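Chain A is the first sequence line, chain B the second, and so forth, proteins listed ahead of strands; every chain is numbered from 1. Note that the structure is a prediction, hence the values are computed from the model and not measured.
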Amino acid sequence: MALVSQILFIVLALVAFYLFFRKVTAIRRNILLGRKEDRTDRSGERWKNVALLALGQQKMFKKPIPAVLHFLVYAGFVLINIEVLEILLDGILGQHRIFESPLGGFYNVVIGFFEVLAVLTLVAVIVFLIRRNVLKVRRLNQPELNGFPKQDANTILYIEIVLMTMLLLMNSAEGALRIQAGTGNGFWVSQLFAPALTGLSTESLHLIERICWWGHILGIFAFLNYLPYSKHFHILLAFPAAYYTRLKPMAEMPNMPEIQNEVLYAMEPDKAPSLPPAPSEGGGETPEEAVPLRFGARDVQDLSWKNLLDAYTCTECGRCTASCPANITGKKLSPRKIMMDTRDRTEEVGRLLDAGKNPAEDGKSLLHDYITVEELRACTTCQACVEACPIGLEPLSIIHQLRRNLIMEESNAPAEWNAMNANIENNMAPWKFSPDERDAWVNG
Amino acid sequence: MDIQVKTMAEYMALGETPDILFWVGCAGSFDQRAQKITRAFAYILDKVGYKFAILGKEEACTGDPARRSGNEFLFQMMAYQNIQVLNGYGVKKIVTICPHCFNIFRNEYPVLGGNYEVMHHTQLLQQLINEGKLVMQGGGAFKGKKITYHDSCYLGRGNGIFEAPRAVLEALDVELVEMKRCKTNGLCCGAGGAQMWKEEEPGTTRVNWERSAEAIDTGASIIANNCPYCTTMLVDGVKKAEQEDNVVVMDIAEMVAASLK
């Protein structure tokens with residue numbers, strides 16, 4: 001029997017890790033559909049961001065209440081995983097509480113500490129559910145969350161409740177068994193519940209303990225495989241996202257060297273490179289090898305891989321949207337929706353590739369089919385969304401690239417912007433004043 | 001205010017080199033309200049004997065609104081032209097009253113070959129105060145007045161300059177009351193990203209009305225600014241709230257100019 005459950009456990013663990021690995025590989029492939037962009041400079045500062053933003057959650061503490069609650073769940077998750085390690089080893093080796101004898105008396109302290117964390121996690125998760133579903137905190141109830149995103153957030157919280165309850169119940173049954181055997185009374189929290197269970201038979205207690213043990217670990221395997229389909233994937237991707245986040249001032253827009261050069265060659269034709277030599281006879285390099293030039297971004301492949309990493313990392317907390325002046329004043333723009341749309345479209349492109357289709361053939365694009373012109377136009381480029389993101393994601397970067405495509409490839413601009421740009425071009429100022437009036441203020 | 005202003009070309013003709021180029025920007029040059037800020041700042045520079053020049057008719061839009069609207073071609077054309085002029089005069093140091101121009105010079109022209117030491121006017125004012133060159137009369141005309149300060153996005157959040165303007169206000173001896181959304185959390189005035197030149201998308205209110213209401217709620221009698229566009233937006237917002245008799249929107253340069261000995 002013991003051998004059967006050992007084998008069963010090992011098979012289940014392998015399947016769980018394999019499926020998880022397969023999905024993560026697919027997401028990695030999708031992220032790398034994005035344009036190349038070098039984000040490997042200044043590694044010292046980047047590691048500092050990982051420590052402060054991801055590990056230390058520094059920016060979360062701009063909102064202290066959710067920050068403390070989130071920190072409890074985070075600490076609970078990370079530390080309780082040490083107990084999961086014990087469960088894994090027990091399962092593989094067919095042991096029971098394998099860390100107990102090497103750790104001796106300290107084992108009770110460790111498990112007791114985990115139990116306290118489990119209780120704190122339970123409390124935090126319940127408060128989170130109340131904030132979402134009873135208090136209806138505004139940023140957690142905006143339209144882009146309708147449907148799966150809301151359900152996703154609640155699912156994660158319910159899974160946490162089930163996992164923590166199983167853990168505590170497992171230890172309580174263990175405590176009751178130890179009371180019956182006269183070898184102890186459970187751990188810091190479970191000893192409070194264990195006496196209530198001592199009326200049950202030893203067999204029943206064993207059964208409860210085993211059900212909770214299996215339930216807990218199977219729940220974790222299920223959770224692991226739900227993660228990559230969920231906003232909750234941020235628990236892993238927050239680390240690379242924080243590492244690769246922008247180090248430049250937020251107000252700086254990246255240069256487009258291809259247009260810089262085009263302008264330079266127009267102004268100083270002697271600097272233009274001479275035409276490439278005609279292809280030699282018998283084939284060789286064909287002009288198709290030149291990368292097709294695209295101005296700005298129309299679909300997810302035109303964005304940088306960092307934009308796509310951001311999209312998969314976003315946990316839809318909505319701090320960006322809550323700080324967006326356009327959203328605050330009732331416009332359709334929501335930086336969170338920009339991230340969610342980018343992820344959803346990347347997933348869609350990934351599915352088309354999996355089916356062996358050319359993603360261009362579905363006739364859809366991130367611009368227009370997911371993100372509308374009205375949303376993009378409402379952005380004041382104030383960078384509040386970038387500042388608000390606890391892990392340094394950059395919705396503004398995506399907005400900028402889509403706007404470039406709208407204007408430069410579609411000539412799609414409101415009449416006022418056409419006038420503004422015409423004025424800049426002809427009068428050297430966005431208004432229709434004569435350049436000769438530029439110093440008139442001196443005599444004002 | 002009688003101000004002595006020379007252009008780079010005039011300095012060159014004299015065979016002299018000014019200490020700094022005052023980049024006025026489009027709002028400061030053409031917008032009637034913003035011209036007052038320009039004159040106030042030029043007056044201060046003149047008063048302390050700072051040897052500054054303007055480009056005059058040779059100045060052109062940096063291309064910021066073009067780039068933010070998405071028109072990179074036009075931005076690159078403006079950048080090319082401006083950098084030619086600036087490098088032609090051998091400009092080393094620039095001060096500007098516009099955070100958008102400031103950001104372009106500081107962050108976006110260097111990669112295009114335009115490398116200058118750039119200061120926002122509030123930074124230069126802070127420096128002049130620290131050096132003892134700028135002295136306010138009897139603590140200044142705004143001593144003890146309740147004032148709130150609006151962080152522009154491109155100076156504040158975008159470039160991390162929060163303290164220089166506040167230090168100048170401190171030197172003016174005002175009672176600074178911060179809005180809830182200030183510094184990194186500052187709320188936009190609504191003009192950035194080329195919004196200045198177009199109608200807002202449909203919504204429940206306007207960004208500048210929202211921000212002005214927040215500023216008015218502090219009970220301050222003056223909303224201090226560092227950006228000519230923010231000034232325009234907030235003047236409009238204060239009018240919308242029918243508070244123009246109680247609340248004045250001013251650039252920090254104007255406040256300093258009014259307080260000089």
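The parts of B:Met77 that come within reach of chain A are both its backbone and its side chain, each placing non-hydrogen atoms under 4.5 angstrom from that chain. Using a 4.5 Å cut-off between heavy atoms, A:Pro257 makes no contact with chain B at all. Residue B:Glu58 does not touch chain A at all, counting heavy-atom pairs closer than 4.5 Å. When heavy atoms are compared at a cutoff of 4.5 Å, B:Tyr80 approaches chain A solely by way of its side chain, counted from C-beta outward.
Put simply, the side chain of B:Arg181 does not reach to within 4.5 Å of the side chain of A:Ser323, judged on heavy atoms. Looking at B:Phe75 and A:Met256, their side chains never come closer than 4.5 Å, going by heavy atoms from C-beta outward.
Looking at A:Glu252, its side chain never comes within 3.5 Å of a backbone N or O of B:Asn103 through a donor-acceptor pair.
Using a 4.0 Å cut-off between a side-chain N of Lys or Arg and a carboxylate O of Asp or Glu, A:Arg377 and B:Glu201 do not qualify as a salt bridge. Under the 4.0 Å criterion applied to side-chain N and carboxylate O atoms, B:Glu200 and A:Lys331 are assigned as salt-bridge partners. Ion pair A:Arg438/B:Glu59 flagged as a salt bridge, since at least one NZ, NE, NH1 or NH2 atom sits closer than 4.0 Å to an Asp/Glu carboxylate oxygen.
Your options are A:Met253, A:Gln260, A:Glu387, and the one with the most heavy-atom pairs under 4.5 Å with chain B is A:Met253. Of all the listed residues (A:Glu375, A:Lys332, A:Lys62), the one sharing the greatest number of non-hydrogen pairs under 4.5 Å with chain B is A:Lys62.
Relative orientation of the B:Trp197 and A:Trp431 rings is tilted, given thresholds of 30° and 60° on the angle between their planes.
Shortest non-hydrogen contact noted between A:Asn421 and B:Leu74 is O-CD2, 3.2 Å. The shortest heavy-atom contact between A:Asp436 and B:Lys57 is O-NZ, 3.3 Å.
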